[in-house]
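For reference, the structure is listed below as structure tokens.
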Number of protein chains: 2
Amino acid sequence: MTATSVQPPQGDQPESPHGAVGGTATLAEIARAAGVSAPTVSKVLNGRGDVAPATRSKVEELLRRHGYQRRRGSVQPAPLIDLVFHELESSWAMEVIRGVENVARDEGLSVVLSESAGRLSPGQTWVDGVLARRPTGVILVLSGLEAAQRAQLTSRDIPFVVLDPAGDPGEDVPAIGATNWQGGVAATRHLLELGHRRIGVIGGPSGIMCSRARIDGYRAALETAGIAFDPDLVRLGTFHHEAGYAEGLALLRMPDRPTAIFTGNDIQALGLYEAARELGLRIPHHVSVVGFDDLPVARWISPPLTTVRQPLTEMAEAAARLVVDLSRGRQPSTLRVDLATRLVERASSAAPRD
Amino acid sequence: MTATSVQPPQGDQPESPHGAVGGTATLAEIARAAGVSAPTVSKVLNGRGDVAPATRSKVEELLRRHGYQRRRGSVQPAPLIDLVFHELESSWAMEVIRGVENVARDEGLSVVLSESAGRLSPGQTWVDGVLARRPTGVILVLSGLEAAQRAQLTSRDIPFVVLDPAGDPGEDVPAIGATNWQGGVAATRHLLELGHRRIGVIGGPSGIMCSRARIDGYRAALETAGIAFDPDLVRLGTFHHEAGYAEGLALLRMPDRPTAIFTGNDIQALGLYEAARELGLRIPHHVSVVGFDDLPVARWISPPLTTVRQPLTEMAEAAARLVVDLSRGRQPSTLRVDLATRLVERASSAAPRD
């Protein structure tokens, strides 16, 4: 890194009323501070490959320090929306893609799809690609951006929105989510109302905020019903089928097994179904199950799954509309919107046997 | 349309040894014939919006008639692959997306995703977008291109590949498929070997060639086993859950109902499961089921589904590699490759009850 060799810009850089919106320096001033030509700074801004790495680092650092921001309208963005998943798994992703496509089609935009290969933030190669193709906006699904990446997009005036953030995206990051905590409350209250008292939960990875919120909702529903939270009944795993199966087996093999289980998503519920079958337990006769998401498959399995509907397509549409609005310079009245979840009752939940 | 007002180019256009590969005219000659400037032809080639529609039509028509083809390497393509679905449904599409992403990532390309909104060929708006962004190549999933659209891509030297064609894509169109006919044979032979003699089939839409091939395979397996083909046992519908349910109900309500059913895909099989449940019939006790595709959900449902595995991710990888090869001027040894399907036996198929 060349950050230490870069002179702090304060003092020797005059405030400039033109050339940057919200920033303090023009492109020419950045070039002077970096000791390079203005076209070289322009190349870095446009993600061109023909700039030496050390020069690029130096320019990026100066852009960041000066809070440089390209003038809106100075460069026509490409009619593209970048959509990044940390993992392209299951029909969950398909619901999101469909929502973004719906808005993109209406707006005459095409969707560029990327996967951050399981990491929670996309790699630098991806950022370079985004800078080079200058999309109208970026939607990150369950992925965060590192501070340096955010600064790079901001300096190029490329707006971004986070969908259903895995972590805390920061208060100044536009984000669309779902009411996960309320969903956890609704799922658990439904089971309590059926008469269950010993309710297990299978969650997603502990670093994923939406999963934590669901489990907190579960806990809140239990405690407000006067039932002590029992950490032995909480199992965490990935959001995949295998985790639902493995953690489901663990819960159902307990000597005093739960009479109902709330899973982190529908795919985990499918794994739990398999665990119950393997142990000769019937759903909902021996154990009630409530999922989360309401993917199409939730209606198709046997018994059809009671689940908390997360409006994934609508959330994706909202994120796409937000990023298009931001690209047109319209600031939203609020940077964070959570769409409502709601319980969908089907046949996998029933009163416990006496 | 202005096609009738265009003079046939034969006779007044000299053959040109340079400026076009495989074509007969240079850009300047096209411009002269159209009565416009060379930069105007260039704008049309680049999908720019600032050309009058009538002029554009005239230039496109001349490009097509002359078989104009842009010199390879004369324009650097964008590091993008365009991937078009006729319908973004189910995890089927997700398997394909994952395959294309795998190759794109290795090649430093990004994937632009489009949906042709249920039509079997994408609209002109999509083609204009492709011309403007000049991707490295185009992959069409279950979608065909109209002759005029093909001519537009060819004249811009944008290669395209069809994945699992819905219709007959033409012998000169590079295409990746699966051995659908053999899959139909394998599914039906499996049921015959279990002892079934009355085997129903639910197919996809009759215009979809892969579905016809599967049903032809079913018929071939029956007839080579000495069992007469009974058209009453063949039901066609969409590839969706609803069709599997509706056609499944129709087959299972027959006075002499089939003891086994081969469905057009796994999602239809899920619908058939629901129809069987509704009629109080157990799988495989009362009716055996064999699906097609082997989506992840096939393993997760109860009973786990016997199905014909279609290697969707591998097919998508092959299509992406092929289009990248074509973009580099490498001609494949064969334009059409079908990857093998294979039967995956699970618990939804068993011998018929006596």
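Naming convention: chains lettered A, B, ... in sequence-line order (proteins, then strands); numbering from 1 in each chain.
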Legend entry - Engaged part of A/V297 at the chain B interface, taking heavy atoms whose separation is under 4.5 Å: side chain
Legend entry - Contact origin within A/L80 toward chain B - heavy atom pairs under 4.5 Å: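 Looking at A/L80, just its side chain touches chain B.
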Legend entry - Side-chain touch B/T313/B/N102, heavy atoms, less than 4.5 angstrom: yes
Legend entry - Close side-chain approach of B/D128 to B/R56, heavy-atom, < 4.5 Å: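 Result yes, sub-4.5 Å side-chain heavy-atom pair found.
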Inset, instruction - Go through A/L270, A/L113, A/I301 and name the one with the most non-hydrogen pairs under 4.5 angstrom from chain B. - result: A/L113
Legend entry - Option in A/H241, A/E274, A/R299 with maximal non-hydrogen atom pairs under 4.5 Å from chain B: A/H241
Inset, instruction - For A/T307 and A/R346, test the side chains for any donor-to-acceptor distance below 3.5 angstrom and give the result as yes or no. - result: no
Inset, instruction - Look at the rings of A/F85 and A/W92 and say which category their plane angle falls in: under 30° parallel, 30 to 60° tilted, over 60° perpendicular. - result: perpendicular
